[in-house]
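Written below as structure tokens is the structure these notes are about.
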Amino acid sequence: MEEGFVAFLLPLCIAVGLPIAIVLIISHNNKAKYEKKLSFLEKCVENGVEINPDLVGQGKKSLSSKAILKTMLLNRLAGGICSLLIGIGLFISSVTFYTKDLFLPGIALIAVGIGLLVWYFVGKKMLAEDIQAEQELLSKHEENK
């Protein structure tokens with residue numbers, strides 16, 4: 001009786017408890033970053049230090065953030081290529097070894113890879129002006145250092 005209860009309870013704890021723990025850890029980390037940034041800005045204001053509004057951005061718009069548009073697009077390209085290659089490998093394995101278990105994940109990864117590649121090329125075309133402006137802003141920021 002007790003073994004059946006433990007066998008039921010363990011997957012339930014993993015399926016429910018683990019995502020809740022991950023969300024709590026991430027939200028706590030984001031809150032700590034926000035409070036650290038806020039205390040830094042408060043000390044700057046208290047000491048009369050002039051703050052550049054361009055550097056006090058939120059999230060991806062900040063110059064100090066590593067997630068600039070060009071990097072974001074290149075991450076999508078890399079993810080698309082990896083997903084496509086893994087999907088093709090799974091698809092070929094399923095056809096070669098006559099296993100149905102690898103067929104659907106292979107097709108799904110191929111679809112995700114194609115979607116990410118399309119997203120990269122469309123985004124590259126749509127964001128060309130923004131990427132150029134961001135590069136100029138970053139080069140000006142580097143010159144001022």
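With sequence neighbours left out, the side chain to side chain contact (heavy atoms under 4.5 Å, CB included) criterion links L24 to I20. Shown here are the side chain to side chain contact (heavy atoms under 4.5 Å, CB included) partners of V122, two or more places apart in sequence or in another chain: V118, M126.
Note that the CD1 atom of I92 and the CZ atom of F97 stand 11.0 Å from one another [nearest 0.5 Å]. Interatomic distance, N30 CG to H28 NE2, rounded to the nearest 0.5 Å: 10.5 Å.
Under a hydrophobic-cluster definition in which Ile, Leu, Val, Met, Phe, Trp and Tyr are linked whenever side-chain heavy atoms come within less than 4.5 Å, directly or via other members, I86 and I81 are assigned to different clusters. Criterion: ILVMFWY side-chain heavy atoms under 4.5 Å apart, direct or through other members. Under it, V112 and L90 are not part of a common hydrophobic cluster. Put simply, W119 and M72 are part of two different groups of oily side chains (I, L, V, M, F, W, Y) that touch within less than 4.5 Å, one to the next.
Contact of the F91 side chain with the I88 side chain is not registered, since no non-hydrogen atoms from C-beta on lie closer than 4.5 Å. K124 has its side chain within reach of Y120: a pair of non-hydrogen atoms, C-beta onward, lies under 4.5 Å apart. Looking at L77 and L117, their side chains come closer than 4.5 Å, going by heavy atoms from C-beta outward.
When all heavy atoms are compared, the tightest approach of G87 to L109 is CA-CB, 3.6 Å. Of all the heavy atoms in E134 and K70, the pair that sits closest is OE1-N, 4.1 Å. Contact record, L116 with S83: CD1-OG, 4.4 Å, taken as the closest heavy-atom pair. The heavy-atom pair separating L102 from S93 by the smallest distance is CD1-CB, 3.8 Å.
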